[in-house]
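Data block below; observations after.
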Amino acid sequence: MTVESIIANGVSEALKALYNVEVKPESLKPQATRKEFEGNLTVVVFPFLKASHKSPEETGKEIGEWLVKNNTSVENFNVVKGFLNLVISPSFWTNVLNEMVNDPDYGFKTPDEHSKLVMVEYSSPNTNKPLHLGHVRNNLLGYSLSKILEANGNKVVKTNIVNDRGIHICKSMLAWKKWGNGETPELSGKKGDHLIGDYYVEFDKHYKKELNSLTESGMTKEEAEAASPLMQEAREMLRKWEAGDPEVRNLWKTMNSWVYDGFGETYKRLGVDFDKIYYESDTYLEGKDLVLGGIESGIMYRKEDGSVWADLTGDGLDHKLLLRSDGTSVYMTQDIGTAKLRYQDYPIDKMVYVVGNEQNYHFQVLSLILDKLGFAWGKGLVHFSYGMVELPEGKMKSREGTVVDADDLIDKMVSSAREASAERFSDMDPEEADNVARMVGLGALKYFLLKVDPKKNMLFNPKESIDFNGNTGPFLQYTYARIQSVIRRAGDFPKQVPEDVMPNEKESTLIQKLADFPNVVKEAGDNYSPALIANYCYDLAKEYNQFYHDYSILKEENENIKDLRLLLSEQVGVVLKKAAGLLGMEMPDRM
């Protein structure tokens with residue numbers, strides 16, 4: 001039982017004894033006391049004034065006195081207006097520390113047969129270009145969210161939907177066919193996704209030249225786009241693909257295989273993975289079938305031109321196109337088909353889509369349509385909507401080849417970590433130094449992208465992210481490595497502290513911060529927010545470093561106090577590593 005629960009139960013008992021009112025403990029959850037006041041936990045007494053018929057100060061004083069007399073966990077109290085600040089007994093914090101040390105799963109709930117199955121979709125790349133900084137944020141958010149939901153006792157399936165069909169794919173294919181001269185990843189020395197991305201950019205360059213030539217001849221921009229021979233060839237290639245043309249399909253399979261190999265390398269470097277990958281080329285026909293079936297059941301309707309729509313005006317939205325007049329599908333149709341296949345594969349209780357906030361309306365519509373089609377989780381699907389990542393120099397444009405490539409970014413982060421840590425790595429062999437530089441570089445990247453409220457747009461600054469002293473991943477990693485150094489030098493020490501050993505105020509505050517961990521994990525899961533975990537990590541690391549600065553650990557003469565500080569340090573390391581693990585971060589033992 002958490003300290004908040006113990007206090008809530010105590011306050012409930014006090015209200016019954018003092019004022020003869022029944023108040024459920026769940027509604028009495030205390031909050032951490034503000035730093036400018038003495039105390040550990042604060043109870044707001046205003047809701048009890050009707051029962052006490054007394055002033056806030058008198059009511060707080062009566063409840064505080066009752067708790068000190070009847071609840072061994074409360075040592076003292078003070079009342080500030082309508083706020084009852086409780087000082088928790090030091091011996092209580094000693095017991096809390098001993099209990100968490102003995103719980104290997106501390107802070108996490110283990111999934112069981114009654115756990116809900118949550119599917120989390122993230123990444124969703126196109127096979128016409130490599131992953132970029134925007135994909136990196138998406139992957140890190142999706143993976144972290146999956147870990148957090150699992151830590152809250154859910155069964156989690158991590159899934160990816162690959163956009164492997166459409167006109168954008170044909171642009172890369174056509175450019176390779178025209179100007180590739182049989183180039184392969186092996187011949188070029190490039191990763192497959194980079195090679196295909198180059199041809200996507202190549203198509204755009206030639207296409208722009210065509211448009212300039214046509215507009216100079218007197219055409220409007222719209223006329224030029226319609227008349228472009230290159231775009232007409234790309235559209236013809238798409239028609240052949242949809243018709244199952246063997247030559248086009250074989251080229252498509254070959255080039256996609258190059259891209260998948262490249263994606264796989266990047267995912268591995270990022271430390272993210274998937275339990276199941278779906279492909280739009282498999283799902284879009286399933287979606288068409290569901291939509292056509294929806295016409296028969298009256299859920300959808302067909303217009304005179306043959307296009308198929310859903311009327312959502314009764315739900316406060318508009319009419320949504322699901323099939324074009326030529327029978328081709330739109331993104332919504334593909335998402336419907338993907339949902340059907342997923343529901344066949346897994347008994348999904350909740351579906352979470354990790355997709356940028358520019359698609360908010362899309363997921364409002366998808367939720368309604370899936371619900372109308374009978375998918376149990378449709379109405380309650382979660383669109384984990386997040387803001388875009390921008391750079392100091394502005395937005396990214398993939399067609400112009402100006403994106404921040406994910407692989408280049410990882411390389412830069414690792415090399416920056418190596419440069420920033422050159423002195424720290426001086427006593428390591430080259431292999432260990434390279435591995436620690438990798439952990440620090442990726443840790444800096446992950447923490448910087450995840451510490452921001454996911455709903456907000458953010459500015460990514462690589463230099464700021466690698467700082468060892470700020471609110472950064474390297475600061476957390478250095479704190480963890482410092483703790484491991486202390487533990488190594490200490491050798492063996494008891495894994496329990498005698499109950500009569502009283503932690504000082506700073507030690508009690510640190511134990512209370514550790515005791516908050518399960519609540520933070522739950523809140524992060526309830527709010528779908530890795531940023532809550534990141535901010536907790538920073539607060540914990542900052543609190544520990546202040547403690548480390550103020551008090552001796554290994555040179556403490558009182559053996560019981562020394563053991564308390566060692567055990568406290570060790571547990572901070574355990575929790576810090578667990579919390580950072582929810583962000584996908586690795587923690588080096590030495591730095």
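Here the structure is a predicted model, which means the values were calculated and not measured.
The number of heavy atoms from other shown groups lying within 6.0 Å of NZ (K456) does not exceed 12. Within 6.0 Å of NZ in K522 there are 12 or fewer heavy atoms belonging to other residues, nucleotides or ligands. The neighbour count for Q344 CD, taken as heavy atoms of other residues, nucleotides or ligands under 6.0 Å away, is above 12. Crowding of R249 atom CZ: a count of heavy atoms from other residues, nucleotides or ligands under 6.0 Å exceeding 12.
With 3.5 Å as the limit, one finds no donor-acceptor pair spanning the side chains of N256 and Y279. If you check the side chains of S325 and S307, you find no donor sitting under 3.5 Å from an acceptor. A donor atom on one side chain and an acceptor atom on the other are found under 3.5 Å apart for H362 and D335. Judged purely by distance below 3.5 Å, without hydrogens or angles, the side chains of N40 and T33 never pair a donor atom with an acceptor atom. In the model, S115 has no side-chain atom that pairs as donor or acceptor with a side-chain atom of N154 under 3.5 Å. A donor and an acceptor atom, one from each side chain of K451 and T472, are nowhere located under 3.5 Å apart. Side-chain atoms of Y386 and N138 form a donor-acceptor pair, as typed in the model, at a separation below 3.5 Å.
No side-chain donor-acceptor contact under 3.5 Å links H168 to the backbone of N126. Checking side-chain atoms of H194 against main-chain N and O of K191 turns up no donor-acceptor pair under 3.5 Å. No side-chain donor-acceptor contact under 3.5 Å links S367 to the backbone of Q364. Of the possible donor and acceptor atoms, none in the side chain of D349 sits under 3.5 Å from a partner among the backbone N and O of W377. Side-chain atoms of N527 never come within 3.5 Å of backbone atoms of S529 as a donor-acceptor pair (strictly under, hydrogens ignored). With K446 contributing its side chain and L270 its backbone, the two residues share a donor-acceptor pair below 3.5 Å.
Looking at residues two or more places apart in sequence or on another chain, you find no side chain to side chain donor-acceptor pair (under 3.5 Å) involving Y353. Considering only residues two or more places apart in sequence or on other chains, Y346 meets the side chain to side chain donor-acceptor pair (under 3.5 Å) condition with none of them.
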D345 and Y278: side-chain hydrogen bond (donor to acceptor under 3.5 Å, both in side chains), yes or no, with the steps? CA-CA 11 Å; D345 292 341; Y278 293 89; 2.7 Å; yes
Walk me through whether E286 and K340 qualify under salt bridge (Lys or Arg N to Asp or Glu O under 4.0 Å). CA-CA 7 Å; E286 296 282 352; K340 176 188 173 184; 2.9 Å; yes
Determine, stepwise, if the pair K513 / V520 fulfils side chain to side chain contact (heavy atoms under 4.5 Å, CB included). CA-CA 10 Å; K513 180 62 71 175; V520 174; over 6 Å; no
For R137 and M388: C-alpha separation, side-chain torsions, deciding distance, then whether side chain to side chain contact (heavy atoms under 4.5 Å, CB included) applies. CA-CA 9 Å; R137 190 182 193 195; M388 296 296 101; over 6 Å; no
Kindly indicate, with the supporting measurements, whether the criterion side-chain hydrogen bond (donor to acceptor under 3.5 Å, both in side chains) is fulfilled by D164 and T127. CA-CA 5 Å; D164 65 341; T127 57; over 6 Å; no
For F48 and I63, run side chain to side chain contact (heavy atoms under 4.5 Å, CB included): C-alpha distance rounded to whole Å, both residues' side-chain angles, the deciding distance at 0.1 Å, then the answer. CA-CA 10 Å; F48 317 139; I63 296 172; 3.7 Å; yes
Step-by-step side chain to side chain contact (heavy atoms under 4.5 Å, CB included) determination, Y536 to V575: CA-CA 10 Å; Y536 172 81; V575 170; 3.7 Å; yes
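Considering CG of L131 and OG of S123, their distance stands at 5.5 Å, rounded to 0.5 Å. L476 CG to L540 CG: the interatomic distance, rounded to the nearest 0.5 Å, is 9.0 Å. Atom NZ of K276 and atom OG1 of T159 lie 8.0 Å apart (nearest 0.5 Å). Separation of atoms SG (C170) and CD (E242) is listed at 8.5 Å; rounding is to 0.5 Å. Here K320 contributes atom NZ and Y361 contributes atom OH; the two are 6.5 Å apart, rounded to the nearest 0.5 Å. In this structure, the separation between CE on M173 and CD1 on I167 is 10.5 Å, given to the nearest 0.5 Å.
A salt bridge is defined here as a Lys NZ or Arg NE, NH1 or NH2 lying under 4.0 Å from an Asp or Glu carboxylate O, and K129 with D193 fails to meet this definition. Looking at K158 and E121, no side-chain N of the basic residue comes within less than 4.0 Å of a carboxylate O on the acidic one, giving no salt bridge. With respect to K372 and D315, a salt bridge is recorded, a charged nitrogen being found less than 4.0 Å from a carboxylate O. With respect to the salt-bridge test (charged N to carboxylate O, under 4.0 angstrom), the residues K29 and E4 do not qualify. Contact check on K577 versus E586 returns no salt bridge, with no Lys/Arg side-chain nitrogen under 4.0 Å from an Asp/Glu carboxylate oxygen. With respect to the salt-bridge test (charged N to carboxylate O, under 4.0 angstrom), the residues K303 and D305 do not qualify.
In this structure, L449 and F460 approach most closely via the heavy-atom pair CD2-CD1, 3.8 Å. In terms of heavy-atom proximity, Q334 sits nearest to S329 at OE1-OG, 3.7 Å. Closest of all the heavy-atom pairs between N461 and F448 is N-CE2, 3.7 Å. Heavy atoms only, all atoms of each residue included: G470 and F475 are closest at O-CB, 3.2 Å. The heavy-atom pair separating V572 from L514 by the smallest distance is CA-CD2, 3.8 Å. G443 and Q477 get closest at one heavy-atom pair: CA-NE2, 3.9 Å.
The aromatic rings of Y106 and F517 sit tilted, their planes meeting at an angle between 30° and 60°. Taking the six-membered ring where tryptophan is involved, the planes of Y284 and W241 are tilted, since the angle between them lies from 30° to 60°.
In this structure, K578 is positioned above the aromatic face of F108, its NZ or CZ under 6.0 Å from the six-membered ring centre and within 45° of the axis.
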Contacts table for residues 140-151: side-chain donor-acceptor under 3.5 angstrom, sequence neighbours left out:
unit_1, atom_1, unit_2, atom_2, d
S144, OG, L582, O, 2.7
S146, OG, G142, O, 2.9

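Note: F274 and Y267 meet the aromatic proximity criterion, with ring centroids under 6.0 Å apart.
Under the 4.5 Å side-chain criterion, counting only non-hydrogen atoms from C-beta, Y447 is not in contact with S465. Between Y260 and V162 the shortest side-chain heavy-atom distance falls below 4.5 Å. You'll find the side chain of Y301 reaches within 4.5 Å of the side chain of D311, heavy atoms only. Between R342 and M351, the closest side-chain pair of non-hydrogen atoms falls below 4.5 Å.
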